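Here the structure comes first, spelled out in structure tokens, and everything after it is commentary.
Please read these numbers as outputs of a predicted model, since none were measured by experiment.
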Amino acid sequence: MIGLTKLAAGPGNVALSERPQHPLRPGQVRVAVQAAGICGTDLHIEAGEYVCVPPVTMGHELCGVVTELGADVDSAWLDERVVAETYFSTCGTCRACREGRINLCPQRRSIGSYVDGAFASSVVIPARNLHRAPVDMLSAAAALTEPLACVCQSLLDPSVINAGDKALIIGPGAVGLIAAQVARSLGAEVEIRGTARDALRLELARELGFTTETGNADDDYDVVVECSGSAAGMTTGLTSARRGGRVVQIGLRGAPVEVPFDEICFRELTVTSGNASTPRSWERALELLEAGRVALEPLVTEVVPLVEWERAFDASRNAAGVKFVLDPR
């Protein structure tokens with residue numbers, strides 16, 4: 001089959017190429033991919049800024065239909081439309097795994113970076129990763145359950161946002177708009193900040209009911225959630241939180257940055273983060289969707305054929321929309 005592949009280390013080296021159809025091992029399933037979202041991580045992989053093991057099929061935000069079962073898999077999964085956690089394997093014995101924090105396992109191997117992922121007609125994943133897709137949601141939107149789970153990992157359990165908090169979200173991309181909705185579901189008063197190049201994204205933020213700005217007006221937010229992954233956004237995050245406030249770093253830069261770290265001390269900030277997702281954060285994500293507290297459909301700018309991946313990557317990189325989703329069918 002044809003897959004969008006990181007062929008070698010370094011910047012670029014991404015192309016459509018012939019990829020193997022991996023046989024199923026016990027406990028695994030094959031999923032026919034209907035939709036696979038382009039994540040900032042995919043852009044970092046293309047740029048040579050994120051660890052991967054080429055050659056590898058990229059893509060980890062997916063929705064599809066289970067078409068084949070390995071041994072020891074419940075037959076009820078066959079023909080189910082699913083979304084899926086991204087970990088292909090973890091060690092199961094380290095402290096992080098024992099504590100249920102499999103996202104922190106040093107031997108974690110994920111689809112799309114270490115193991116062939118979802119930018120292809122099918123992908124093999126462990127059955128334990130499966131969740132049934134929300135029934136009435138289009139597959140392109142359902143694929144965004146994965147970034148929602150990542151946001152839940154960063155903001156919930158324990159919650160870093162309290163009812164009545166004044167919250168600032170920096171970066172109005174898909175993750176920022178999801179984080180804003182999660183923060184609002186917790187009772188926060190939410191404002192979203194972007195730059196001039198984010199005009200389309202900020203317009204969508206307003207349509208979703210959020211106040212937006214492109215300046216740096218206030219520095220008294222109870223909690224700041226940094227989703228841009230830019231040095232400027234990280235600096236703004238540290239200087240916009242009130243004294244004694246909280247900063248949550250979600251965005252990835254992919255390279256070293258210089259920020260005014262002293263602000264953490266001067267303001268006595270609590271700085272936290274989140275790395276990928278856990279089974280618990282997936283439960284949280286699906287609960288929010290079922291309750292109608294988060295809308296993913298409006299975030300899908302365009303569904304793009306896999307063969308047009310370069311256009312979709314360029315549009316994602318240039319903030320020409322919010323979320324571009326590849327359809328390999």
Hey, is the main chain of A320 close enough, under 3.5 Å, to the side chain of R201 for a donor-acceptor pair?
no
Show your working on salt bridge (Lys or Arg N to Asp or Glu O under 4.0 Å) between E203 and R206 and close with a plain yes or no. CA-CA 5 Å; E203 181 179 352; R206 291 188 289 273; 5.5 Å; no
Notebook entry, point to check: Is there a side-chain contact between M58 and V14 (heavy atoms, below 4.5 Å)?
Noted result: yes
*Is there a side-chain contact between L238 and I264 (heavy atoms, below 4.5 Å)?*
yes
- Message: Can you confirm whether S89 sits close enough to Q107 that some side-chain heavy atom of one is under 4.5 Å from a side-chain heavy atom of the other?
- Response: no
Taking S277's backbone N and O only, do any of them form a donor-acceptor pair with S281's side chain (distance below 3.5 Å, no angle check)? no
Answer yes if the side chains of E213 and T211 hold a donor-acceptor pair under 3.5 Å, and no otherwise. no
Cluster membership besides Y87, Ile/Leu/Val/Met/Phe/Trp/Tyr side chains within less than 4.5 angstrom, sorted by chain and number, is I102
If we ignore hydrogens and angles and just use 3.5 Å, is the side chain of E297 paired with the main-chain N or O of L299 as donor and acceptor? no
Hits for side-chain hydrogen bond (donor to acceptor under 3.5 Å, both in side chains) against T270, two or more places apart or cross-chain, chain-then-number order -> none
- Determine whether H60 and C39 make a side-chain contact, defined as any pair of heavy atoms from C-beta on separated by less than 4.5 Å. yes
Examine distances only and state if a side-chain atom of E283 and a backbone atom of L286 form a donor-acceptor pair shorter than 3.5 Å. no
When rounded to the nearest 0.5 Å, the distance separating NE2 of H44 from SG of C52 is 13.0 Å
Checklist entry - Are R98 and T93 close enough that some pair of their side-chain heavy atoms sits under 4.5 Å apart? => result no
Report yes or no: do R193 and T214 form a side-chain donor-acceptor pair below 3.5 Å? no
_If only side-chain N and O atoms count, and only distance matters, is there a donor-acceptor pair under 3.5 Å linking H22 with Q28?_
no
- Task: Check whether any side-chain N or O of R317 sits under 3.5 Å from a backbone N or O of L43 as a donor-acceptor pair, and report yes or no.
- Result: no
State whether the side chain of N13 and the backbone N or O of A9 hold a donor-acceptor pair below 3.5 Å, judged by distance alone.
yes
- With salt bridge (Lys or Arg N to Asp or Glu O under 4.0 Å) as the test, would you mind laying out the steps for E302 and K323 before giving the verdict? CA-CA 7 Å; E302 184 181 357; K323 174 64 74 167; over 6 Å; no
Exercise. Judged by atom type as modelled, is there a donor-acceptor pair below 3.5 Å linking the side chain of N103 to the main-chain atoms of N275?
Worked result: yes
Check whether any side-chain heavy atom of W282 lies under 4.5 Å from a side-chain heavy atom of T145, and answer yes or no. yes
* To do: Give a yes or no on whether the backbone of R329 and the side-chain of D327 come within a donor-acceptor separation of less than 3.5 Å.
  => yes
Original post:
Heavy-atom distance under 4.5 Å between the side chains of R246 and D165, does that happen here?
Top reply: yes
Between R108 and T90, do the side chains contain a donor N or O and an acceptor N or O under 3.5 Å apart? no
